[in-house]
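For ligands, and for the atoms within them, numbers begin at 1 and follow the listed sequence. Residue indices begin at 1 and follow the sequence shown. Note that this is a predicted model, so its numbers are computed, not measured.
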Amino acid sequence: MNAPHPAPPRPTASEDEARRLDAADPGHRHLFHVPPADGGRYPQAAYLAGNSLGLQPLATRDELLADLDAWRRLGVEGHLEAQRPWLPYHELLTEPAARLVGALPAETVVMNSLTVNLHLLMVSFYRPSGRRTRIVIEDSAFPSDSYAVRSQARFHGLDPDETVVRLRPRPGEETLRTEDVTDYLAAEGDRVALVLLGGVNYLTGELLDVPVITAAGRAAGAIVGWDLAHAAGNVPLRLHDWDVDFAAWCSYKYLNSGPGALAGAFVHERHLGDPTLQRFEGWWSTEAATRFEMTPVSRPPATVEAWQISNPPIFSMGPVRTSLELFDAVGMTTLRERSLRLTGYLERLLDEVTVDRPLTVLTPRDPARRGCQLSVRIGAGSAAELAKRLRSEHGVIADAREPDVVRFAPVPLYSTFHDCWRVAEALAATVAEVSR
Ligand SMILES: Cc1ncc(COP(=O)(O)O)c(C=O)c1O
């Protein structure tokens with residue numbers, strides 16, 4: 001790793017512009033640890049990989065240590081006597097998580113990890129019967145979702161190749177149009193048991209029209225669930241008002257809660273307390289008031305907490321709690337406004353760079369159809385190789401998806417206009433050399 005060194009005086013109009021924009025619109029970078037640069041001439045990395053793993057908030061370490069100290073001082077008594085008692089600890093996360101995704105507290109819980117939650121929710125909400133067996137996903141769904149729905153089909157004795165329908169963009173197009181989904185549902189909806197889509201697509205950065213697709217799926221008689229891994233903390237969500245049946249999201253990307261952090265789950269109010277729904281249960285599925293009566297039969301509450309199974313990992317909850325407090329303090333509306341400014345700026349710079357280079361922006365150009373991520377397809381060479389060079393030669397950390405996509409996510413909490421400028425400058429230098 002190169003030692004950090006001050007930038008040599010190298011004024012260009014656009015770098016000055018980036019600095020001016022940062023001065024006027026500084027965001028909340030001061031609340032995060034930004035990694036040092038591995039290469040290039042700036043001391044800190046230009047970190048554009050928050051769509052993969054968000055940065056650590058400064059507050060996380062002390063808050064986590066305080067929870068650890070409670071265990072050191074109190075042992076088992078911490079369940080009731082810790083400053084933040086462990087038994088009801090998960091409740092501290094419920095309201096801020098609900099605000100983040102536009103849900104009622106009774107509809108929201110933080111638990112497990114994302115794919116586990118999707119499976120637990122599919123136990124309840126994927127109930128194939130008669131002709132209605134299909135699961136609709138995107139062809140470019142994150143592989144974990146594809147594996148999950150295929151295994152659910154097999155679990156029900158169905159052939160995954162016939163059961164899972166993968167919607168593709170039209171020939172020559174990179175992303176799905178809303179009508180591609182709604183037309184399919186209008187034509188084939190009586191065969192569809194479950195629609196399970198990514199709110200923001202992990203590869204292209206496309207934001208789907210969640211309310212319109214949810215309404216179309218429900219009108220067709222299907223259940224509509226959403227994987228919000230790339231949407232939670234990235235774009236404003238109103239899951240309750242949009243009548244979404246269920247959703248799950250992770251907390252390690254835009255929610256900055258650390259690698260493998262706990263995930264969220266949402267079940268719409270209309271399903272809560274429904275005794276006909278199947279669920280897998282454990283002692284955390286029963287109501288808190290009688291949990292320690294140790295009876296053999298559960299009494300699930302009429303909230304999404306009925307989907308909990310095990311007692312929660314307190315040291316994993318701390319970072320989620322700390323992060324959600326930040327989102328509450330800043331607010332999704334403010335973040336989205338800054339996100340539009342930052343991503344719009346990066347888009348403008350990428351347009352200048354890509355004009356003479358074998359690079360194409362895949363992400364929709366309409367800001368209403370994307371979050372903060374812009375995905376770039378490279379026409380030559382390997383995406384991983386390019387990302388490696390961006391990091392080692394320019395200190396730009398981006399995320400490669402082989403064979404040919406590099407993703408850049410200016411995250412409104414901590415990314416800067418100068419980070420975006422560094423991306424464009426690094427691409428200009430690196431791709432020019434590769435394509436010569
Ligand atoms: C869209 C999407 N779905 C699912 C996953 C898998 O998440 P997990 O390993 O937390 O279950 C990821 C991971 O990045 C993802 O991006």
Side-chain angles (χ1 to χ4, degrees), residues 48-55 93 97 100-101 109-123 125-126 135-152 164 166-167 175-176 181 194-208 210 213 224-235 237 239 244 246-266 280 307 309-310 312-313 316-317 319-320 323 362-363 370-375 383-384 387 397-402 405-409 411:
L48 280 291
N51 57 331
S52 182
L53 183 72
L55 291 181
L93 284 59
L100 188 80
V101 297
V109 67
V110 174
M111 60 179 190
N112 310 313
S113 48
L114 169 54
T115 311
V116 171
N117 285 347
L118 288 175
H119 273 300
L120 293 177
L121 293 165
M122 283 192 278
V123 164
F125 294 111
Y126 177 54
I135 306 175
V136 174
I137 64 171
E138 301 138 279
D139 191 41
S140 62
F142 193 80
S144 191
D145 291 18
S146 182
Y147 306 157
V149 295
R150 289 176 63 82
S151 65
Q152 286 282 335
V164 177
R166 314 182 69 95
L167 296 182
T175 51
L176 281 175
V181 186
L194 173 65
V195 180
L196 182 63
L197 301 171
V200 172
N201 182 273
Y202 87 98
L203 189 65
T204 64
E206 177 184 21
L207 167 60
L208 289 179
V210 178
I213 292 172
V224 184
W226 290 90
D227 173 345
L228 300 175
H230 288 262
N234 181 11
V235 292
L237 297 165
L239 300 185
V244 163
F246 72 87
W249 58 94
C250 64
S251 308
Y252 45 79
K253 300 176 187 295
Y254 296 105
L255 300 187
N256 307 314
S257 304
L262 286 169
F266 165 90
F280 287 167
W307 273 262
I309 294 180
S310 294
S316 298
M317 296 218 133
V320 183
S323 165
L362 305 183
T363 310
R370 67 188 186 207
C372 70
Q373 171 186 325
L374 294 180
S375 303
I397 300 185
D399 170 276
R401 282 287 168 261
E402 289 284 61
V405 175
V406 184
R407 308 181 297 174
F408 301 98
V411 172

Residues in side chain to side chain donor-acceptor pair (under 3.5 Å) with Trp307, at least two apart? Ser124

Would you please classify the geometry between the Phe125 ring and the Phe246 ring as parallel, tilted or perpendicular, with 30° and 60° separating the classes? parallel

Assess the side chains of Thr115 and Ser144: does a donor N or O sit below 3.5 Å from an acceptor N or O? yes

Check each protein residue for a heavy atom under 4.0 Å from ligand 1 and list those that pass, ordered by chain and number. Leu114, Thr115, Phe142, Ser144, Asp145, Asp227, Ala229, His230, Tyr252, Lys253

In the structure I gave you, are the side-chain heavy atoms of Lys253 and Gln373 within less than 4.5 Å of one another anywhere? no

Taking only residues at least two apart or on different chains, which pairs with a member in residues 254-265 satisfy salt bridge (charged side-chain N to carboxylate O under 4.0 Å, His left out)? none

Set of side chain to side chain contact (heavy atoms under 4.5 Å, CB included) partners for Ala265, sequence neighbours left out: Val109, Met111, Asn117, Leu121

